[in-house]
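A short worksheet on the structure shown next.
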Amino acid sequence: MTVGISTPAYVVDAAAIRRNAAILADVKRRTGCRMLLALKAFSMPAAAPLLNDTIDGTCASSVHEARLGHEVFGGETHAYAAAFSAHDMRELLGLEAEAGQRREPLINHITFNSLAQWQQFRPLLAESGTEVACGLRVNPEHSEGAVPRYDPCAPGSRLGIRRTDIEGGELAGLSGLHFHTLCEQDADAFERTLSVFEARFGEWLEHVRWFNFGGGHHITRAGYDIDRLCEALDGFRTRYPRADIYLEPGEAWVLNAGTLVATILDVVRNDVEIAILDASCVCHMPDVLEMPYRPRVFRDPDWDGAAEPGPAADRGGVPGEKSFTVRLAGPSCLAGDVIGDYSFATPLRPGDRLVFEDMALYTMVKTTTFNGIRLPSIWLRDGTGDSKLIRAFDYADFISRL
Ligand SMILES: Cc1ncc(COP(=O)(O)O)c(C=O)c1O
């Protein structure tokens, strides 16, 4: 067990991020596409040096992410949101700034979600004198996902403009087209989406200078068909050789690259054994409840901070699979602050540590201080296996938000 890591803590593993970055760098090399980091999935400034060499920039969903991309991660900064306020736009263009912020443009690409927003901000863009490439997010109306909440092409979706709604619209001045429709999917889903996109929007594609095919490409997952992705991108490039192609994955950069380590505070009984941890599901891994999904977890006395369990780890099985079944739950007041039911080779005791896997993506960015529960500290494990404390949180962090 890594000494010195007080719990709860996120431990981000530099070696795992580098492994992911090498895979994405290879896709760039093979296809000539540009690869952005979607900051919504991972926005840890201390990890920027691990990614800076590989990313071509970032994509931001807000002014604050754009500022982070611009100031810390570097390269190009793209922005997209379902809608921007006039105030957002002035900050993105450097016409206004928050206290302590330099007054300079934060972005070089912006993607609008509607023609009305494009028309609204066109004069401001011209007035700002900044060189910002403007694009439009389209909805190819082709669903690859089964869960409507994560499907931007679900009926009634507000994300992206449909072809029928572009008809007759004013497109002059727009140089890019963007779609984002995938979620943790393989290259076959991308291939099908791309062909629907080309069929639906074909008449405009000749004039487009940059395409952004979004995130959701699970490129760094074992078994992802990288050759098929590269073939799809190469084929598209052959058909539209004058345009730049962007992908903007989030998860793929930090897949399996971080953990949340927690300590068992108590074990209570109510028909089942319930281990109460110092990490809360609702505060520290909200996607477990929102998606919902079941995180992988292990117990390993020799754990050294690595993102993956070692050979001696006791990995949490399904209930009944191993000798001791236990419900893992958080310390908050929410009855549903339950991570799930697992089984282990030996009983869990107060003081034992559990390590939840794959917690770098979307987890660290979504934490809350509900119940005033302390946020997990953040650690970075370097290539030599040493973990360094990046950030610890205290009362000031709790109270300053409210
Ligand atoms: C517009 C856009 N781009 C990129 C991403 C990143 O997706 P992922 O983290 O699944 O790769 C998202 C995720 O929601 C998104 O909405």
Side-chain angles (χ1 to χ4, degrees), residues 17 20-21 23-24 27-28 33-44 47 51 54-62 65-66 68-69 73 75-84 92 107 109-114 117 134-140 142-154 157-161 176-187 189-190 193-194 197 210-221 224 226 229 233 245-258 286-287 290-291 293 358-366:
I17 293 186
N20 289 335
I23 295 170
L24 294 166
V27 172
K28 280 177 39 165
C33 78
R34 299 191 190 184
M35 201 72 86
L36 308 174
L37 162 68
L39 288 171
K40 69 189 80 189
F42 184 73
S43 33
M44 179 176 162
L51 293 166
T54 313
I55 60 172
D56 292 288
T58 53
C59 68
S61 321
S62 60
E65 279 189 357
L68 173 69
F73 283 85
E76 300 176 23
T77 314
H78 294 223
Y80 161 80
F84 294 104
L92 290 171
I107 53 169
H109 284 67
I110 188 157
T111 301
F112 292 101
N113 193 55
S114 74
Q117 281 247 306
C134 297
L136 188 65
R137 175 168 176 175
V138 296
N139 175 353
H142 171 78
S143 287
E144 286 285 347
V147 184
R149 186 194 284 200
Y150 293 99
D151 176 12
C153 298
S157 170
R158 72 191 186 295
L159 303 170
I161 182 166
L177 278 189
H178 165 53
F179 68 75
H180 166 80
T181 60
L182 304 181
C183 180
E184 300 188 344
Q185 268 146 334
D186 214 312
F190 173 60
T193 307
L194 191 60
F197 166 72
W210 53 278
F211 292 94
N212 181 329
F213 298 142
H217 311 270
H218 233 199
I219 301 168
T220 52
R221 188 190 60 215
Y224 180 95
I226 291 178
L229 171 71
L233 292 172
I245 301 175
Y246 292 89
L247 300 185
E248 51 176 36
E251 287 204 22
W253 292 102
V254 287
L255 194 63
N256 295 315
D287 270 353
E290 253 182 56
M291 290 279 285
Y293 80 103
D358 201 16
M359 288 290 161
L361 50 93
Y362 288 104
T363 302
M364 295 165 68
V365 292
K366 283 191 167 184

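Read the numbers this way: they start at 1 and go in the same order the structure lists the ligands and their atoms.
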With rounding to the nearest 0.5 Å, note down the distance linking SG in Cys134 to CH2 in Trp210. 8.0 Å
Could you tell me, atom by atom, which parts of ligand 1 come under 4.0 Å of a heavy atom of Gly250? 6 (C), 8 (P), 9 (O), 11 (O)
Please give me the minimum heavy-atom distance between Asp56 and Lys28, naming the atom from each residue. OD2-NZ, 3.1 Å
Under-4.0 Å heavy-atom contact with ligand 1, by part of Arg137 that carries it: side chain
Polar side-chain atom of Thr111 near backbone of Gly135 as donor-acceptor pair, under 3.5 Å: no
Proximity of Lys40 to ligand 1 by residue part, where a heavy atom lies under 4.0 Å: side chain
Arg137 and side-chain contact (heavy atoms from CB on, under 4.5 Å): which partner among Leu177, Asn212, Ile161, Leu159? Leu159
Need the ligand 1 atom indices (1-based, order shown) with element for anything under 4.0 Å from a heavy-atom of Pro249. 11 (O)
Who's the nearest protein heavy-atom neighbour of atom 9 (O) of ligand 1, and how far? Tyr362 OH, 2.6 Å
Within the structure, does Cys59 bring an N/O atom to less than 3.5 angstrom of an N/O atom in ligand 1? no
Compute the shortest N/O to N/O distance between Glu251 and ligand 1 and return yes if it is under 3.5 Å, no if not. yes
What is the closest protein heavy atom to atom 4 (C) of ligand 1, and at what distance does it sit? Glu248 O, 3.3 Å
Within the 6.0 Å centroid threshold, strictly below: Phe211 and Tyr246: no
Does Gly216 reach ligand 1 with a nitrogen or oxygen that is under 3.5 Å from one of the ligand's nitrogen or oxygen atoms? yes
Is there a donor in the side chain of Asp287 and an acceptor in the side chain of Tyr293, or the other way round, less than 3.5 Å apart? no
Are the side chain of Glu144 and the backbone of Thr193 linked by a donor-acceptor contact shorter than 3.5 Å? no
Region of His180 engaging ligand 1 - heavy atom pairs below 4.0 Å: side chain
